[in-house]
Q: 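Can you read through this structure? Questions will come right after.
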2 protein chains.
Amino acid sequence: MAKRTHECGILRGAHEGERVVLKGWVQRRRDFGGLIFVDLRDRTGLVQIVFNPENSQEALDIADSLRSEFVVEVEGAVALRDPEMINPNMETGMVEVLIDQITIINKAKTPPFAIEDRTEVNEDLRLKYRYLDLRRPVMFDTFKLRSDVTKVIRNFLQDEGFLEVETPILTKSTPEGARDYLVPSRVHEGEFYALPQSPQLFKQLLMVGGFERYFQIARCFRDEDLRADRQPEFTQIDMEMSFMSQDEIIELNEKLIQKVMKEVKGIDIPAPFQRMTYKDAMSRYGSDKPDVRFDLELIELSDVVAGCNFKVFASTVENGGQVKGLNIKGANDKYSRKDLDELTKFVGRYGAKGLAWIKVTEEGLTGPIGKFFDDEFGEKLVERMQAEPGDTLVFVADKKSVVADSLGALRKKLGKDLGLIDESRFAFLWITEWPLLEYSEDDDRYYAAHHPFTRPFDEDLEKMVTEPGAVKAQAYDIVLNGYELGGGSLRIHEKDLQEKMFKTLGFTDEEAKEQFGFLMNAFEYGTPPHGGLAFGLDRFIMLLAGRDNLRDTIAFPKTASASCVLTNAPSTVSLAQLDELNIRTKTLADEK
Amino acid sequence: MAKRTHECGILRGAHEGERVVLKGWVQRRRDFGGLIFVDLRDRTGLVQIVFNPENSQEALDIADSLRSEFVVEVEGAVALRDPEMINPNMETGMVEVLIDQITIINKAKTPPFAIEDRTEVNEDLRLKYRYLDLRRPVMFDTFKLRSDVTKVIRNFLQDEGFLEVETPILTKSTPEGARDYLVPSRVHEGEFYALPQSPQLFKQLLMVGGFERYFQIARCFRDEDLRADRQPEFTQIDMEMSFMSQDEIIELNEKLIQKVMKEVKGIDIPAPFQRMTYKDAMSRYGSDKPDVRFDLELIELSDVVAGCNFKVFASTVENGGQVKGLNIKGANDKYSRKDLDELTKFVGRYGAKGLAWIKVTEEGLTGPIGKFFDDEFGEKLVERMQAEPGDTLVFVADKKSVVADSLGALRKKLGKDLGLIDESRFAFLWITEWPLLEYSEDDDRYYAAHHPFTRPFDEDLEKMVTEPGAVKAQAYDIVLNGYELGGGSLRIHEKDLQEKMFKTLGFTDEEAKEQFGFLMNAFEYGTPPHGGLAFGLDRFIMLLAGRDNLRDTIAFPKTASASCVLTNAPSTVSLAQLDELNIRTKTLADEK
């Protein structure tokens, strides 16, 4: 085996006359006039290599057996192509390599799909042959990007004095939160480890331990039913710091993101980033992760339509509901009655009982409910919505959450359908002042909106007993283009406040102690104020790479049923293995 | 909360007169002459802060309640200490900070042990209060070192064109190797994931996928009974590369290690590192991971003592055994008969039936067996062992493996006891030409000495059938100061050779296909030659930090029974959780 001297994709005119050893894969072979032309590929790109009888009849003979994806080692001299043969679509298109020695290192069967960026093949086949799928340059580029992004992040944080610390994967099960993956213990019969949903407790313990600035690019696990944008294991850029205010944490993370965007995408993102309270986001965008690359805000109309002639609106307001609308500028010609019926169906999926609409024309307000607004209510409506002839106004009247959900979703859909979104933009946004708790009607209790370690605002402490739903948290999410990119909070660092929090969440003292006693004990030994943040790395990469599938950012992802179709995991194991772990499958146990 | 302006450990004379806000922990408090002196600690070190009535009576009053490990925020002015008060043992010993404002952020109970580098407290208590243990500067320094080392490694490898790729933690169980940790699947009843013992298969698939250069600082898992230097989860610096020879891989890793040693320890390690075949290492040091910081090599004597008067030696050789010895230079006065009896007991633990010894004196060879060598055999012995008056010679006569194990261990012990080791040295060493297979008498089969994907030398391929034990592998371990730091190999990249390997290991075609079929299928689609290496990061850090306990390099380690005494993992879980996972504990299943 000779030593590789060059990579395929880097050869240029300047290499003319140089003798090179290349190693790579046969991308394409063309025979022409007794010569054989091969596009040779490695991870840097393609170069044309040429076999002709003048250089070596022997090499030409061997080349005659080449097929796609054969692995070869070739040796030859770089030559400039004839002017008419220059390929401007290929970075190495000025040159070709005249081969006089070739070794076929490994043969290849015909791949089930072509190794090309554009592929129409279904994803299951791609995942089954992931090793071929990964050969497509677009996939390599995504993982190169991922590697580059983590490099920038690590170097930034380490330069800022953060220590990367690895926290355990075999941890304790804490059922509060999502469902845990469990690992039976062989040594401790009947006991289980859990895979961490996040390093939350450990990073807080590191703060108690005086580390002051911690980060980790950490694997996390959630055994949940999977949607397109979820994976059983995912990666977080996880950090925690002591003695810092919310503003200081946000500022540091803005610098981090600026650095990533500049170094990886060459884009300057101005700071400070936009900030918005949770309340504002819900009110203006009907979403806690609004895409602010376009306007089309939700317009509050409850006060405007109170008492109006259109009874649906009037009674909704009277009964404590809400009426909001969107002004789809200049859309009268774009949306037929049928189109608007489709939009009505669309908002129905979010619980809205209907979508009222008005078209604003030179002649007045038209459409099914136009006639109800042929008065001063109509004038106020037009004024509030800054409506002009040509605009289509749509409305939802319902309880607050339905109005937000349905109009928020409709806004997003319209933004996309109408091309309102500048796809080249990266719009980062902080959402602040989250509710600390969420009430669940199902089991009549409060749940932590983020997690039970989130710090309430000091001025809201008393409300934790009197009005838990109104307590605001010192929490912040970061949103990118309508996706939740990450989130964090200041944490509780006092034992008594943490106890109060667990009580509010309905824990008995025993339950709290059993599950989180070690943390509350730790708080008694001089715990600094601390807070942190975690970014979803997979999603960040997806957005940076301009992909729309989270699986394209993970080398060996799981399918929607949490399987790996390549290796066939999960799989059955031997009874001997289970015996050692002191467990039985239920089927087997029930058979006994 | 004011913004911290400085960290404690960085204050120097140059800061005189500056107003600073410090945040940290009370290390020590001393009251003297109506003043209160506190050593304030953060992760950068200590600084003395002073409360006196001139600066603020109020602050002095608050300071009166300070106890060890209280968390405080203080504000004041940096002042030079009086010359007689300068503390040369403290990096900030020139200065003190005169405090006029203090806030007690959090109180602390008296810690169960002092937060100091030197601690005599038992390890269980340290682990239970790990968050206090981590406050000891020596612990922080170790994790700082760990973070720095991974930074250097990542930057080096990324600069060399390696991509960091994350491979799955939820994988398929492959029983060949150590015992797997299993994770029951909720979705696929009766099926299990396994936690990876290493990313071996995935990194090879990445090579099939054309990534060419991969690395990962990867968590690995083995459910084995733990020794002091084992943990259920551990971290590997894992890499794999295509189209490179063993020498190229070794050379690249020498550069990596040089970089780490230079940047982190300031030490120049000359390259190329020493290399030794497995055979030589076993023969000269009785170990496949010799500590080459000192000599004291094992000396082959079988040919010298064949036919000698000392029957134990003569008959051992006659029966195909081996006689080897160590020359403990100038040790006659150091080792009494009783000491030598102790050494005999010591080698007994490694299976040696005895330790013969001779003291070389001006008068001739003395000791129990000296008289047997009062002839030309004795002369040859002295010559071979380059013995001089004053030297003590020790011998083991046994089968080859016992001679190696016992004398190898004795050599190590003597090196330590006699102070032969330069503790400041870092002696890196490559061990090459490993056996591919190891025969197990227990179940009359061959096992892979490294793993089943290791590549045999081409010239040994035929022996895989005729003489499997003699086949050498293109494998290489790297040893540091007598510890196995890492290891790797070139891999098999051809389907037929991989099949042959599995057959040699006693797999049926079905078993091989069931477990590793996906890899062998992948090999059919144009797999490049590839090889790699993995370093044990935890152990590397242990050696770099000069620690002797692997647990000191892991933030939250497990005990010898694989428990976390801090969080109490593993622990029991609810029946509902097990129900969802379709498993039962055996106890419960048997009760039914």
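Residue numbers start from 1 in every chain, and the chains themselves are labelled A, B, ... in the order their sequence lines are given, proteins ahead of strands.
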Q: Would you call A:Lys3-B:Asp247 a salt bridge at under 4.0 Å N-O?
A: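 So A:Lys3 does not pair with B:Asp247 through a salt bridge.
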Q: May I ask you to test the A:Pro184-B:Pro184 pair for a side-chain heavy-atom distance under 4.5 Å?
A: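 Contact flag for A:Pro184/B:Pro184 side chains = yes.
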Q: Among B:Lys128, B:Arg213, B:Arg67, single out the residue with the greatest number of heavy-atom pairs under 4.5 Å to chain A.
A: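 The option with the most such pairs is B:Arg213.
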Q: Working to the nearest 0.5 Å, report the span between CD of A:Glu494 and NZ of B:Lys107.
A: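 Going from the CD atom of A:Glu494 to the NZ atom of B:Lys107 covers 12.5 Å.
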Q: Specify which of B:Phe70, B:Phe221, B:Phe162 makes the most heavy-atom pairs with chain A at under 4.5 Å.
A: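 Winner by heavy-atom pair count: B:Phe221.
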Q: With only heavy atoms counted, which part of B:Val165 is less than 4.5 Å from chain A, the side chain, the backbone, both or neither?
A: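 Contact with chain A involves the side chain of B:Val165 alone.
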Q: Could you tell me if the side chain of A:Leu163 sits less than 4.5 Å from the side chain of B:Phe140, heavy atoms only?
A: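 Sidechains of A:Leu163 and B:Phe140: in contact.
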Q: Identify which part of B:Lys558 has an atom lying under 4.5 Å from any heavy atom of chain A, answering side chain, backbone, both or neither.
A: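 Looking at B:Lys558, just its side chain touches chain A.
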Q: Identify which part of B:Val208 has an atom lying under 4.5 Å from any heavy atom of chain A, answering side chain, backbone, both or neither.
A: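 For B:Val208, heavy atoms of backbone and side chain both lie under 4.5 Å from chain A.
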Q: Between B:Gln158 and A:Ser147, is any side-chain donor less than 3.5 angstrom from a side-chain acceptor?
A: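 Present: a donor and an acceptor within the cut-off.
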Q: Rounded to the nearest 0.5 Å, what separates atom CG in A:Leu195 from atom CD1 in B:Ile169?
A: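 The CG atom of A:Leu195 sits 8.5 Å away from the CD1 atom of B:Ile169.
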Q: Kindly indicate whether the side chain of A:Lys151, heavy atoms from C-beta on, has any atom under 4.5 Å from the side chain of B:Asp159.
A: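 Yes, at least one pair of side-chain atoms sits under 4.5 Å.
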Q: Given a strict heavy-atom distance threshold of 4.5 Å, which part of B:Glu224 is in contact with chain A: side chain, backbone, both, or neither?
A: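 For B:Glu224, the backbone is the part near chain A, not the side chain.
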Q: Contact part of B:Phe523 toward chain A, heavy-atom cut-off under 4.5 Å: side chain, backbone, both or neither?
A: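 Just its backbone gets close to chain A.
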Q: Quick one: CG on B:Leu578 to CD1 on A:Ile583, what's the gap to the nearest 0.5 Å?
A: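 Between B:Leu578 CG and A:Ile583 CD1, I get 9.0 Å after rounding to 0.5 Å.
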Q: Taking side chain as C-beta onward, heavy atoms only, is A:Lys23 less than 4.5 Å from B:Pro528?
A: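 With C-beta onward as the side chain, the pair stays apart.
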Q: For B:Ile554, is it the side chain, the backbone, both, or neither that has a heavy atom closer than 4.5 Å to a heavy atom of chain A?
A: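 No part of B:Ile554 comes within 4.5 Å of chain A.
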Q: Select one option (side chain, backbone, both, neither) describing which atoms of A:Val187 are under 4.5 Å from chain B's heavy atoms.
A: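 When you check distances to chain B, only side chain atoms of A:Val187 fall under 4.5 Å.
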Q: For B:Thr171, which atoms come within 4.5 Å of any heavy atom of chain A: side chain, backbone, both, or neither?
A: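 For B:Thr171, the contact with chain A is made by the backbone alone.
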Q: Using non-hydrogen atoms only, which part of B:Phe211 is less than 4.5 Å away from chain A: side chain, backbone, both, or neither?
A: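 Contact with chain A is through both the backbone and side chain of B:Phe211.
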Q: Side chain, backbone, both or neither: which part of B:Glu248 has a non-hydrogen atom closer than 4.5 Å to chain A?
A: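 Contact with chain A: side chain only.
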Q: Would you compute the distance between atom CZ of A:Phe518 and atom SG of B:Cys564 and round it to the nearest 0.5 angstrom?
A: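 These two atoms lie 7.5 Å from each other.
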Q: Salt bridge or not between A:Arg146 and B:Glu166? Use side-chain N to carboxylate O under 4.0 Å.
A: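 The answer is yes: the pair qualifies as a salt bridge.
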Q: Is any side-chain heavy atom of B:Glu189 closer than 4.5 Å to a side-chain heavy atom of A:Thr585?
A: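 Not in contact.
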Q: Using 0.5 Å steps for rounding, measure from the OH atom of A:Tyr525 to the CD1 atom of B:Ile115.
A: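 Spacing of OH (A:Tyr525) from CD1 (B:Ile115) equals 10.5 Å.
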Q: Which of the residues B:Glu580, B:Met207, B:Arg130, B:Arg136 is involved in the greatest number of heavy-atom pairs with chain A at under 4.5 angstrom?
A: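 Option with the greatest count: B:Glu580.
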Q: Out of curiosity, B:Leu205 CG to A:Thr567 OG1, how far, rounded to the nearest 0.5 Å?
A: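 So the gap between those two atoms works out to 8.5 Å.
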Q: Which atoms of B:Leu132 are under 4.5 Å from chain A, going by heavy atoms: the side chain, the backbone, both sets, or neither?
A: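 Side chain of B:Leu132 only, per the 4.5 Å heavy-atom cut-off to chain A.
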Q: Where on A:Asp133 is there a heavy atom nearer than 4.5 Å to chain B: the side chain, the backbone, both, or neither?
A: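 When you check distances to chain B, no heavy atom of A:Asp133 falls under 4.5 Å.
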Q: Quick check on B:Lys109 against chain A: is it the side chain, the backbone, both or neither that has a heavy atom closer than 4.5 Å?
A: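 Contact with chain A is through both the backbone and side chain of B:Lys109.
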Q: Would you call B:Asp225 and A:Arg186 a salt bridge, taking side-chain N to carboxylate O under 4.0 Å as the test?
A: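 A salt bridge is present here (some side-chain N lies under 4.0 Å from a carboxylate O).
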Q: State whether A:Glu164 and B:Lys144 are salt-bridged, where the test is any N-O pair (Lys NZ or Arg NE/NH1/NH2 against Asp/Glu carboxylate O) under 4.0 Å.
A: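 Answer for the salt bridge query: no.
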Q: Select one option (side chain, backbone, both, neither) describing which atoms of B:Ser68 are under 4.5 Å from chain A's heavy atoms.
A: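 Neither part.
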Q: With a 4.5 angstrom heavy-atom cut-off, could you sort out which part of A:Phe192 is near chain B: side chain, backbone, both or neither?
A: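 Both parts, backbone and side chain.
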Q: Give, as side chain, backbone, both or neither, the part of B:Ile104 having an atom under 4.5 angstrom from any heavy atom of chain A.
A: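 Neither; nothing under 4.5 Å.
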Q: Within the structure provided, determine whether B:Phe243 and A:Val71 are in side-chain contact (heavy-atom separation under 4.5 Å).
A: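 Contact flag for B:Phe243/A:Val71 side chains = yes.
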